[in-house]
There are 2 protein chains.
Amino acid sequence: MTTEEIILSSARKVFRSKGLEGARMQEIADEAGINKALLHYYFRSKEKLFEKIFIEAFADLLPAVRVSLNQVENLSQFLTFFISRYFDLITELPYLPQFILQEINRNPDLMRKVTGNNELPIAQVKMLIHRDVERGLIRPIEAEQLMVNTIALIIFPFAARPIVQSLIFDNDQAAFENFLSHRKEVITRFVLDAIKPQNSL
Amino acid sequence: MTTEEIILSSARKVFRSKGLEGARMQEIADEAGINKALLHYYFRSKEKLFEKIFIEAFADLLPAVRVSLNQVENLSQFLTFFISRYFDLITELPYLPQFILQEINRNPDLMRKVTGNNELPIAQVKMLIHRDVERGLIRPIEAEQLMVNTIALIIFPFAARPIVQSLIFDNDQAAFENFLSHRKEVITRFVLDAIKPQNSL
DNA sequence: GTCTATATGCAGATAGAC
DNA sequence: GTCTATCTGCATATAGAC
């Protein structure tokens, strides 16, 4: 592992949990076992280092959509794949949603830096939804609403973890983890039931 | 309006949009048309001033649940009331969700300060859900999952506004506002359809 | 490339006049 | 109560030796 990689790894850890403003160069240096000067030698400034970490974090979440679209025949299948993949991904990276929400809200201009070369197949998903609505395979719903609903259900408990854990589970951590452990199946069923046409049994 | 009220109003504005770490005492003073020293005269420290604003912000979101529970016969009715009230509330205060998520994640201890005297009727809602599941009025679902789902659907587009606006709506602000304008009805229907028993038409 | 030492700037907080 | 001026500490960033 080169020094640069060690720095990036340490910066990743610190920035993801504290954000740009909460992070300290000193803490990143300590985490990497080097001193502050070396951080600047490699990345010039805190902002530049942060930007690298942020773009990478955002990119980490995007591939889930692409992969799912390939081996899929209809919308229900896509949603099942997508929820499964995306939920697993975020389970591995539970800090990411809140990190990204926080930084994008602080500086919406960051969106420009991450969308450039990452053309998501949003349009295809919209078409898939429209098609299945037309065919009567699902209840009528706007594509955008369904997409936002699905992502909201996946991300929210991670982004709002301390609140959910406290208000809903009275700080019973085991109960919260049990809740998360079968949430993937719950969400999948919830979404599919919500869009299932009324005359199907 | 007393000086103290002017300060609180200015602090509210600055803290809600920038958070504790992003806010500057100077900016709050400018906003209030006074100088920094006076902020400390009234509230001793930035943290103390912030805490007042945060507790108040959290409290702003809580009454929605209580009111809804009173004039309600069954779960579907409760959900309809709750979604409507809560969605309207957040439409008026769109900064609050992300503000609260950010600060609670930065310092989860803040939860202790807001839950003390604000006993929410979470237990009653859970019982209401269980009861209607038992009676077969809705599909089987854990109370906690349904509660989290409902809140997620309401809050997410506000907390993630810049991302949704960019990725889903390609920065077409009018399209996004149109999306929000009938989202309340969409969510209500989405949730009710998801829990509707299979044999009902 | 990596370090120690230092410069620079800024933000929170205080002292003290009015 | 409100102000100006100042202190203090800290965080980013740089200079310069090795």
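Below, chain A is the first sequence line, B the second, and so on; all start at residue 1.
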I need a per-nucleotide contact map over nucleotides 13-18 of chain C, read 5' to 3'. Cutoff is protein heavy atoms under 4.0 Å; write B for the base, S for backbone only, - otherwise. BBB---
With ring-ring contact (aromatic ring centres under 6.0 Å, His included) as the rule and sequence neighbours excluded, what pairs involving residues 159-196 of chain B come up? B:Phe169-B:Phe176, B:Phe169-B:Phe179, B:Phe176-B:Phe179
Pair up each side-chain donor or acceptor in residues 81-89 of chain A with any protein partner under 3.5 Å, not counting sequence neighbours, and list the distances.
from    : atom 1 : to       : atom 2 : distance (Å)
A:Ser84 : OG     : A:Lys184 : NZ     : 3.3
A:Asp88 : OD1    : A:Lys184 : NZ     : 3.0
A:Asp88 : OD2    : A:Lys184 : NZ     : 3.1

Looking only at heavy atoms, what is the nearest atom pair of A:Leu110 and A:Arg106, with distance? CD1-NH2, 4.2 Å
Going by side chain to side chain contact (heavy atoms under 4.5 Å, CB included), name the residues that satisfy it together with A:Gln98, two or more places apart in sequence or in a different chain. A:Leu101, A:Gln102, A:Ala159, B:Gln98, B:Leu101, B:Gln102, B:Asn105
In chain order, what residues pass the side chain to side chain contact (heavy atoms under 4.5 Å, CB included) check against B:Glu73, with sequence neighbours excluded? B:Gln77
Sequence neighbours excluded, the answer for ring pair (Phe, Tyr, Trp, His ring centres under 6.0 Å) partners of B:Phe99 is B:Phe54
Heavy atom of residues 8-21 of chain B under 4.0 Å from DNA chain C: which residues? none
Can you sort out the partners of B:Glu92 under side chain to side chain contact (heavy atoms under 4.5 Å, CB included), two or more places apart, ordered by chain and number? none
Write down the distance between CG (B:Asp30) and C1' (D:dT2), rounded to a whole number of angstrom. 16 Å
At 4.0 Å (heavy atoms only), tell me whether A:Ala32 reaches a base, stays on the sugar-phosphate, or touches nothing. nothing
Within the 4.5 Å heavy-atom criterion, are B:Arg16 and B:Leu93 side-chain neighbours or not? yes
Just the rounded figure in Å: distance from C1' of D:dA11 to CG of A:Leu49. 15 Å
Taking OP1 and OP2 of C:dT2, is either one under 4.0 Å from a side-chain nitrogen or oxygen of A:Asn35? no
Expressed in angstrom and rounded to an integer, what is the separation of B:Leu38 atom CG from D:dT2 atom P? 5 Å
Pair listing, ring-ring contact (aromatic ring centres under 6.0 Å, His included) test, anchored in residues 1-43 of chain A, at least two apart: A:Phe15-A:Phe50
Just checking B:Ala23: base, sugar-phosphate only, or nothing, at a heavy-atom cut-off of under 4.0 Å? sugar-phosphate
Applying salt bridge (Lys or Arg N to Asp or Glu O under 4.0 Å), which residue pairs with at least one partner in residues 139-159 of chain B are found, sequence neighbours left out? A:Asp193-B:Arg139, B:Lys126-B:Glu144
Just jot down the side chain to side chain contact (heavy atoms under 4.5 Å, CB included) partners of B:Ser10, sequence neighbours excluded, or say none. B:Ile6, B:Ile28, B:Glu31, B:Ala32
Atom CD of A:Glu27 and atom P of D:dT12: how far apart are they, to the nearest Å? 10 Å
Whole-Å distance between C:dT2 C1' and A:Ile34 CD1? 9 Å
All N/O contacts under 3.5 Å from nucleotides 8-10 of chain D to the protein, with atom names and distances to one decimal?
none

